[in-house]
Amino acid sequence: MSFIEAVILGLVQALTEFLPVSSSAHVRVAGELLMPGQEPGAAFTAIIQLGTETAVLIYFWNDITRIIGKWFRALAGKVAHSDPDVRMGWLVIIGSIPIGVLGLLFEEQIDHGLRNLYITAIMLIAFGVLLGLADRIGTQRKDLTQLTVRDGILFGFAQALALIPGVSRSGGTITAGLLLGYSRKSAARYAFLLAVPAVFASGLYKAAKEVPALLSADGRAAAAAAGEPSLLAIIVATLVSFALGYMVIVWFMRLIETRTYLVFVVYRVIAGLVLLGLLMGGVIDPLAGT
């Protein structure tokens, strides 16, 4: 993977991570178009997500530090456990359990079998339609002060569906939130907070597995021979995804205050149909790199 390809994939990651369109699907397809017969890989995708998730950390810095601070103070008995920030801390922990457990149990399938691009195309279309239905029929009356343990768990399982490329982490959790009656802004806000521990855990886990090998001479040679990204390429893509990702999240949070998700629904359906056309036309190999 060249620096130019790394930068392009970093841009793709940043532009799509916070939108309900599936960043993993876009990085996967973009990688195949840039490097026919190859693809960036699940590890590369997970690691560059650290860049965009750092943007979330900065955007929600005041919220996150307040929640963490009160959560620890509650453990020490200095803050009531009924405090909204303490409850949010527990709900983020509870909501993060499904994706953590399922991610470890099905790591092999996630890294290989589920990366079939036919599955990705179908998920883009199906969950695009589901997002549209949720946006239309959801009451959108609840805010995060009304978030319950049951709802936190349901949000968590919806986030876990994003282990399948094409579903979308934000799209799955936002769809669940809308169906549960939460407002667009509340559903998106909790989706982003919920993603922080999951994405950092996944990215750091993959980094711990991949980086030591890439630091060795044999590992670098093997990666180059296989067409896999170098450590420097991964770092470049991660930095690019962080810089642009922050701007995207600012734009998205403002957009959903006054707009519906219709534009994303239409985009997902069109993108899924185009991908199916490319696959059936033999332009893209559905199993490349898996």
Side-chain angles (χ1 to χ4, degrees), residues 1-35 38-60 99 103 110-111 114-115 117 120 123-124 127 159 162-174 188 191-192 194-207 210-211 214 227-253 255 264 267-268 271-272 275 284 288-289:
M1 179 185 292
S2 69
F3 282 107
I4 296 299
E5 290 164 344
V7 169
I8 292 173
L9 292 178
L11 289 171
V12 171
Q13 166 66 24
L15 288 169
T16 57
E17 171 67 15
F18 304 117
L19 307 180
V21 296
S22 180
S23 61
S24 59
H26 282 74
V27 172
R28 170 86 164 85
V29 174
E32 169 64 16
L33 291 173
L34 287 170
M35 304 167 289
Q38 303 174 19
E39 60 106 6
F44 175 84
T45 303
I47 293 172
I48 65 172
Q49 283 180 337
L50 291 175
T52 44
E53 211 56 36
T54 300
V56 173
L57 198 63
I58 293 175
Y59 182 85
F60 290 106
I99 195 170
I110 293 165
D111 286 352
L114 290 178
R115 294 178 70 78
L117 284 175
T120 300
M123 292 300 101
L124 280 170
F127 276 84
Q159 177 179 240
L163 294 169
I164 306 171
V167 172
S168 170
R169 185 187 309 278
S170 63
T173 47
I174 288 171
F192 290 150
L194 192 60
V196 171
V199 174
F200 272 107
S202 173
L204 293 173
Y205 172 70
K206 292 293 185 182
E210 302 294 332
V211 170
L214 291 174
E228 295 176 356
S230 66
L231 178 59
L232 198 53
I234 293 174
I235 292 173
V236 170
T238 303
L239 291 175
V240 170
S241 68
F242 161 72
L244 183 58
Y246 186 84
M247 292 184 281
V248 172
I249 192 172
V250 170
W251 171 80
F252 179 68
M253 292 302 289
L255 176 74
F264 301 111
Y267 174 81
R268 286 182 65 110
L275 179 54
I284 295 179

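Bear in mind the structure is a predicted one, so any value in this text is a computation, not a measurement.
We find the CD1-OG distance between I48 and S23 to be 8.0 Å, quoted to the nearest 0.5 Å. Atom CE in M123 sits 13.0 Å away from atom OG in S168 (nearest 0.5 Å). One finds the OG1 atom of T120 at 11.0 Å from the NE2 atom of H26 (value rounded to the nearest 0.5 Å). Rounding to the nearest 0.5 Å places OG1 of T16 at 7.5 Å from OH of Y267.
Closest heavy-atom contact between T52 and G245: CG2-CA, 4.4 Å. Of all heavy-atom pairs between S22 and V167, the closest is OG-N, 4.1 Å. Nearest heavy atom pair, residue L50 against residue T238, reads C-CG2, 4.4 Å. Taking both residues in full, the closest heavy atoms of S241 and A14 are given as O-CB, 3.3 Å, listed atom of the first, atom of the second, then distance. Pairing each heavy atom of P197 with each of L194, the nearest pair is CD-O, 3.5 Å. Across every non-hydrogen atom of P20 and G171, the tightest pair is CB-CA, 3.5 Å.
Checked against side-chain contact (heavy atoms from CB on, under 4.5 Å), L19 has the following partners two or more places apart in sequence or in another chain: V21, V248, W251, F252, F264.
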>> Set out, in order, the CA-CA distance, both residues' side-chain angles and the distance that settles side chain to side chain contact (heavy atoms under 4.5 Å, CB included) for R169 and V199, then state yes or no.
In response: CA-CA 10 Å; R169 185 187 309 278; V199 174; 3.4 Å; yes
>> Let's go through L34 and I4 carefully: what are the C-alpha distance in whole Å and the side-chain angles of both, what is the deciding distance for side chain to side chain contact (heavy atoms under 4.5 Å, CB included) to 0.1 Å, and is it a yes or a no?
In response: CA-CA 10 Å; L34 287 170; I4 296 299; over 6 Å; no
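Residues M247 and L244 form a side-chain contact, since some pair of their non-hydrogen atoms from C-beta on lies under 4.5 Å apart. At least one side-chain heavy atom of T54 sits under 4.5 Å from a side-chain heavy atom of F200.
Listed by first then second residue, pairs satisfying ring-ring contact (aromatic ring centres under 6.0 Å, His included) with a partner in residues 5-24 read F18-F192, not counting sequence neighbours.
With hydrogens and angles ignored, the 3.5 Å screen pairs a side-chain donor or acceptor of R268 with a backbone N or O of G166.
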